[in-house]
Amino acid sequence: MSSNHLYLVDGSGYIFRAYHRLPPLTNRHGTPAGAVFGFTTMLWKLVDELHKTDGPTHLAVILDASSKTFRNEMYDQYKAHRPPPPEDLVPQFPLIRDAVRAFSVPCIEELGLEADDIIACYSEAAMAAGWKVTIVSSDKDLMQLIRPGLDLLDTMNNRRLGREHVLEKFGVEPEQLGDVLALMGDSVDNVPGVPGIGPKTASQLIQQFGDLATVLASTDAITKPKLKQSLIDHADNARLSRELVRLKCDQALPEPLDDLALKGLPPEPLRAFLEDMGFKSLLAKVGGTSTGGPTVLALAPTGQEAPPPPPKLDAVPFSHKDYEAVVDEDALDRWIAEGFKCGRIAVDTETDSTDPVRARLVGVSLATAPGKACYIPLAHIGDGLLSETPRQIAKATAIAKLKPLLEDPSILKIGQNMKYDMVVLAREGIAIAPYDDTMLLSYDLDAGLGGHGMDDLAQRHLDHACIEFKTVCGTGKAQITFDKVTLERATEYAAEDADVTLRLWQTLKGRLAREGATRVYELVDRPLVPVLARMEQAGIKVDREELARLSAEFAGEAARLEGEIHQEAGGPFTVGSPKQLGDVLFDRMGLKGGRKGKSGVYSTDVNELERLAGEGVTIARMVLDWRQLTKLRSTYTEALQGQINPATGRVHTCFSMAVAQTGRLSSTDPNLQNIPIRTEMGRRIRDAFVAEPGKVILSADYSQIELRLAAHMADVPALKEAFAKGDDIHSLTAQEVFGEVTRDTRARAKTINFSILYGISAFGLANRLEVPRAEAQAMIERYFARFPGINHYIAATLAEVREKGFVTTLFGRKTHLPWIRSSKQGERQSAERQAINAPIQGTSADIIKRAMLRMEPALAAAGLADVRMLLQVHDELVFELAPDQVEAASVVIRDVMAGACEPYVTLSVPLGVEIGTGPSWGAAH
DNA sequence: TGGTTCACG
DNA sequence: GACGTACGTGAACCAG
């Protein structure tokens with residue numbers, strides 16, 4: 001029999017109680033912190049008091065990740081009347097998570113589940129393992145879980161609540177409580193129940209009949225006529241209510257039970273947290289402050305203007321010689337112990353490749369405080385000439401020692417672009433968690449204000465120039481891999497990375513709540529990291545022989561065309577040189593209408609050549625065809641063959657999370673987000689992306705998501721109605737703008753619809769449609785007249801960006817547009833168009849990211865855990881799965897994608913999802 | 001390295 | 001009256 005005793009703290013209950021018990025207070029940074037203080041005090045008291053008794057062996061704090069959950073899918077009115085949390089409480093949630101972490105206690109939350117459900121899951125698992133369980137809460141819903149070995153602890157009056165309490169309060173056994181709660185309903189959570197039935201009657205009915213089903217089936221036996229009729233009329237509501245109050249206890253545990261083991265109270269991280277928050281009275285308890293300050297609460301009442309946070313100047317200079325090379329186990333143990341003591345640690349990996357799927361781990365660097373960093377070489381070899389293989393800890397030994405630290409749920413790991421380290425460490429059997437990513441912190445705070453690479457950030461925030469990689473490893477042909485760098489040099493470079501990362505975290509993390517970026521960071525971008533890491537590791541199979549065949553075919557055809565082009569031009573020249581081509585066309589051949597750009601070369605782009613081809617210039621058409629063939633060959637059929645990973649036989653792209661200004665992902669090495677599809681020849685390349693034998697490819701894409709979002713965000717009744725009915729939106733636009741729907745007007749209408757998303761100008765539209773400018777102007781005016789809301793959206797967005805300097809998506813993601821205040825008209829207008837487009841493109845990006853986050857759990861819950869998500873192409877997700885999984889997976893994928901906004905945002909248009917399958921990506925469209 | 005072109009959403 | 005002219009990406013190629 002195990003003597004383990006798990007305590008589960010209902011964090012949400014704690015938070016609200018703390019908030020309402022204390023006056024509004026702010027901390028030394030000027031952020032509201034009353035609830036943080038109350039929560040910290042209560043948690044302290046709990047841990048302290050439990051310590052004196054035969055307290056817990058395991059402890060976790062459970063929080064609600066989102067305000068709405070699966071219950072809203074059952075009943076859209078669930079908790080609908082609950083007001084949003086008070087404005088000054090919202091920024092305190094992340095600080096409260098920090099508080100829990102400072103206590104070295106795991107903090108658990110899960111999208112789509114309420115804290116109550118997570119508590120039920122852990123209770124179930126712990127009881128099954130023979131543990132005792134105590135839930136720290138006095139919530140009546142949680143009383144359903146009471147049974148021998150499980151009780152509730154009400155910390156308000158230090159009471160243990162067991163079976164007797166339920167019997168006394170509700171007159172039934174805990175197992176029957178759910179039925180009572182269903183009948184009586186809950187006005188706060190908006191659980192309907194049965195009208196006219198309160199706690200008394202509900203309890204009496206369940207006592208009399210035993211359970212809800214019997215009550216509903218036995219209305220004949222009920223004598224009171226009103227009660228009887230109400231039960232008959234609202235039986236469905238009662239059944240729905242039963243499901244709403246039922247706790248979900250069959251979900252996978254976010255953290256294994258064993259990871260909740262209590263470790264006592266390491267004073268260091270706690271001290272750091274309390275000092276940062278300015279909680280002096282608590283600081284005194286933890287062992288006195290350095291200043292020995294007063295033990296009164298050092299918080300200022302709100303009311304007066306909060307002072308701006310003091311600029312954090314790093315007092316600690318960068319000193320590369322102070323970094324430590326860790327080459328023996330004792331030293332490593334010391335660093336790991338330091339990590340546990342601090343409660344957070346910056347981590348960086350060094351490898352021999354920029355491609356994380358190919359990269360072999362060469363070393364790991366750690367930092368625990370500014371200036372305090374080390375490098376642990378693991379696979380360094382000499383340069384083969386002068387230096388020999390240096391002394392270092394055996395890789396397996398070091399990995400085994402680092403793993404518990406890197407996976408400990410109470411220790412925060414801090415990295416810069418954690419996805420890379422995750423992919424590399426996954427192959428060493430390490431799954432980093434929990435983590436923060438300074439690159440993503442910067443992206444979610446400062447998108448549009450500059451790069452988010454470490455060098456950019458160090459320069460911008462720390463006024464520090466990092467050691468450049470090329471000064472360590474060289475460039476070009478002379479470049480060496482990191483395992484050949486001398487230990488001394490490697491330590492300076494690698495430890496600096498960890499040091500810089502830690503300092504950046506200290507600068508950026510606090511801004512998150514103050515600047516309203518917490519939600520998008522914690523609930524979208526940060527959790528997406530491991531999802532993308534798995535997609536990159538999965539890769540996609542390409543048929544090398546097919547690519548080679550296409551390559552040869554394209555090459556032959558291009559060579560033939562090149563000969564004809566030379567003949568037509570009257571002599572050989574480099575067709576691929578825009579400069580030479582321009583000279584040949586407009587000077588040597590004397591064609592008319594050549595336009596020169598800034599750099600003095602004739603434009604020979606597709607528009608210009610199409611114009612000439614339309615005028616009957618045969619060489620223009622030939623050049624266009626030649627360009628297409630050579631483009632397809634060099635960029636796709638040739639390059640792609642070289643990108644196949646020899647170990648996996650697949651192509652592993654790298655998704656960049658912090659490049660696009662709008663929140664989109666981008667894809668590199670190779671870019672799999674621009675594989676051809678629009679032309680027949682190009683589409684054949686997509687056919688070379690295949691499923692492995694016995695599997696098929698499934699492609700699911702949002703149909704016209706950006707137009708739908710525009711209809712919602714600009715609130716355009718006609719467009720919303722059309723989407724709701726499933727009408728063809730371009731035909732509708734054609735009807736409204738041109739008065740008739742033909743092939744031609746529909747095509748023009750499509751262009752107009754796109755131009756709206758991109759920030760329209762009459763000149764630009766005139767160019768696209770090849771009509772006079774005045775005509776384009778008239779179309780725009782007609783569009784605005786027919787679809788009121790669009791011009792209002794544009795005006796409101798521009799007013800907002802001019803005032804704030806940024807625009808936001810429906811999910812709160814910011815894009816900063818500093819050029820909006822430029823003195824140059826061109827720059828300003830460009831920023832205006834970006835401002836109109838960014839909320840729409842960015843919301844679309846948020847939505848598909850949310851779908852990706854939920855996809856794996858949803859598939860797993862449907863018994864489809866081995867369906868693999870491979871690619872994201874902005875509005876499309878690509879999967880690989882067994883043919884007999886297609887039917888079930890399609891349902892899950894469609895549901896997850898179509899419902900990805902919920903619960904935070906409810907759109908006024910439906911999101912359409914189109915799904916196709918086939919042996920190749922091309923065939924799946 | 002910068003400019004041009006073109007593949008995708 | 002002039003200005004500059006569709007949003008977001010990445011990669012290959014030429015030429016200086």
Side-chain angles (χ1 to χ4, degrees), chain A residues 447-448 573-582 596-610 623-624 626-640 642-643 653-656 659-679 681-683 685-686 701-707 710 751-769 773 776 780 807 815 817 823-842 844-845 848 871-877 921:
Chain A
F573 68 99
T574 311
V575 184
S577 161
K579 187 172 179 292
Q580 290 188 34
L581 178 65
K596 283 195 180 184
K598 300 184 243 223
S599 52
V601 255
Y602 289 110
S603 170
T604 63
D605 66 10
V606 68
N607 290 322
E608 199 68 16
L609 292 181
E610 285 286 0
V623 171
L624 282 169
W626 180 89
R627 276 201 183 147
Q628 189 188 16
L629 285 163
T630 51
K631 174 86 173 181
L632 294 180
R633 197 179 94 91
S634 64
T635 310
Y636 299 105
T637 58
E638 278 300 303
L640 221 39
Q643 297 278 3
T653 187
C654 175
F655 289 106
S656 305
V659 172
Q661 314 288 301
T662 53
R664 272 192 177 181
L665 300 178
S666 84
S667 161
T668 60
D669 308 302
N671 181 355
L672 295 185
Q673 291 182 324
N674 71 346
I675 301 302
I677 192 168
R678 291 173 186 171
T679 66
M681 241 190 305
R683 194 180 285 247
I685 293 167
R686 236 170 232 241
D701 64 279
Y702 284 114
S703 94
Q704 295 168 330
I705 185 167
E706 292 194 1
L707 268 178
T751 301
I752 297 174
N753 278 329
F754 273 106
S755 67
I756 296 295
L757 301 179
Y758 296 154
I760 198 164
S761 87
F763 184 93
L765 184 63
N767 243 341
R768 292 266 149 170
L769 293 178
R773 188 170 157 176
I780 293 168
V807 287
T815 295
L817 294 163
S823 56
K824 292 185 190 147
Q825 191 188 210
E827 289 174 347
R828 219 165 46 236
Q829 287 178 330
S830 175
E832 286 170 1
R833 290 191 299 270
Q834 291 172 29
I836 292 163
N837 179 256
I840 299 169
Q841 190 181 111
S844 166
I848 196 164
L871 299 177
Q872 187 251 46
V873 193
H874 309 308
D875 65 356
E876 175 188 14
L877 293 174
W921 191 9

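Chain letters run A, B, ... following the sequence lines, proteins first and then strands; every chain starts at 1. Remember, predicted model here, so these are calculated numbers, not experimental data.
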To the nearest Å, give me how far apart [atom1] ([X]) and [atom2] ([N]) are.
| X | N | atom1 | atom2 | answer |
| --- | --- | --- | --- | --- |
| A:Asn607 | B:dC6 | CG | P | 9 Å |
| A:Phe655 | C:dG8 | CZ | P | 21 Å |
| A:Ile756 | C:dT5 | CD1 | P | 20 Å |
| A:Ile760 | C:dA6 | CD1 | P | 12 Å |
| A:Ile705 | C:dG8 | CD1 | P | 18 Å |
| A:Glu827 | C:dA6 | CD | C1' | 17 Å |
| A:Leu672 | B:dG9 | CG | C1' | 14 Å |
| A:Asn753 | B:dG9 | CG | C1' | 16 Å |

Practice task
Go through the structure and list residues passing side-chain hydrogen bond (donor to acceptor under 3.5 Å, both in side chains) with A:Ser830, not counting sequence neighbours.
Solution key: A:Gln834

Handout entry: Set of residues satisfying side-chain hydrogen bond (donor to acceptor under 3.5 Å, both in side chains) with respect to A:Gln829, sequence neighbours excluded
Key =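 A:Gln829: no side-chain hydrogen bond (donor to acceptor under 3.5 Å, both in side chains) contacts found.
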
Practice task
Report the residue from A:Thr635, A:Thr637, A:Leu629 that forms a side-chain contact (heavy atoms from CB on, under 4.5 Å) with A:Arg633.
Solution key: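 Of the listed residues A:Thr635, A:Thr637, A:Leu629, the side-chain contact (heavy atoms from CB on, under 4.5 Å) partner of A:Arg633 is A:Thr637.
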
Reckon [X] touches a base, only the sugar-phosphate, or nothing at all at heavy-atom distances under 4.0 Å?
| X | answer |
| --- | --- |
| A:Leu757 | nothing |
| A:Asn674 | base |
| A:Gly826 | nothing |
| A:Ile677 | sugar-phosphate |
| A:Ser656 | nothing |
| A:Asp669 | sugar-phosphate |
| A:Ala762 | nothing |
| A:Ser761 | base |
| A:Arg773 | base |
| A:Thr751 | base |

Exercise for the section: Kindly indicate whether the side chain of A:Asn674, heavy atoms from C-beta on, has any atom under 4.5 Å from the side chain of A:Tyr636. Expected result: yes

Do [X] side-chain and [N] base share a donor-acceptor contact under 3.5 Å?
| X | N | value |
| --- | --- | --- |
| A:Gln841 | C:dC7 | yes |
| A:Arg678 | B:dA7 | no |
| A:Arg833 | C:dG8 | no |

Handout entry: Close approaches to DNA chain B from residues 626-638 of chain A, in residue order (heavy atom, under 4.0 Å)
Key = A:Arg627, A:Gln628, A:Lys631, A:Tyr636

Practice task
Taking atom CZ of A:Arg768 as the centre, report whether more than 12 heavy atoms of other residues, nucleotides or ligands fall under 6.0 Å from it.
Solution key: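 Atom CZ in A:Arg768 is not packed in, count stays at 12 or less.
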
Of all the choices, [options], which nucleotide is nearest to the side chain of [X] once you look at every atom?
| X | options | result |
| --- | --- | --- |
| A:Phe763 | C:dG8, C:dA6, C:dT5 | C:dT5 |
| A:Thr604 | B:dG9, C:dG10, B:dT5 | B:dT5 |
| A:Gln661 | C:dA6, C:dG8, C:dT5 | C:dG8 |
| A:Pro578 | B:dT5, C:dG8, C:dA2 | B:dT5 |
| A:Asp605 | B:dC6, C:dA11, C:dC7 | B:dC6 |
| A:Gln580 | C:dA6, C:dG10, C:dA15 | C:dA15 |

Practice task
Establish, with yes or no, whether the OP1 or OP2 oxygen of C:dC13 is under 4.0 angstrom from a side-chain nitrogen or oxygen of A:Ser577.
Solution key: no

Problem - C:dC14 phosphate, OP1 or OP2, under 4.0 Å from A:Thr574 side-chain N/O - result: no

Handout entry: Rounded distance (nearest 0.5 Å) linking atom CD1 of A:Ile705 with atom CG of A:Asp875
Key = 7.5 Å

Problem - Nearest-0.5 Å distance, CG of residue A:Leu871 to CG of residue A:Leu877 - result: 9.0 Å

Problem - Non-neighbouring partners of A:Phe655 that pass ring-ring contact (aromatic ring centres under 6.0 Å, His included), sequence neighbours left out - result: none

Problem - Paired nucleotide for C:dA2 [Watson-Crick or G-U wobble; both distances under 3.5 Å] - result: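 Checking every strand shown, C:dA2 finds no partner, since no pair has both distances under 3.5 Å.
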
Handout entry: Nearest-angstrom distance, P atom, B:dT4 to C:dG4
Key =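 Each nucleotide's P atom is 15 Å from the other's.
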
Problem - Distance between P atoms of B:dT5 and C:dT5 (Å, rounded) - result: 14 Å

Problem - salt bridge (Lys or Arg N to Asp or Glu O under 4.0 Å) against A:Glu832, all qualifying residues, sequence neighbours excluded - result: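 A:Glu832: salt bridge (Lys or Arg N to Asp or Glu O under 4.0 Å) contacts with A:Arg802.
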
Problem - Residues forming a salt bridge (Lys or Arg N to Asp or Glu O under 4.0 Å) with A:Arg627, sequence neighbours excluded - result: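 Scan of A:Arg627 (salt bridge (Lys or Arg N to Asp or Glu O under 4.0 Å), adjacent residues dropped) gives none.
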
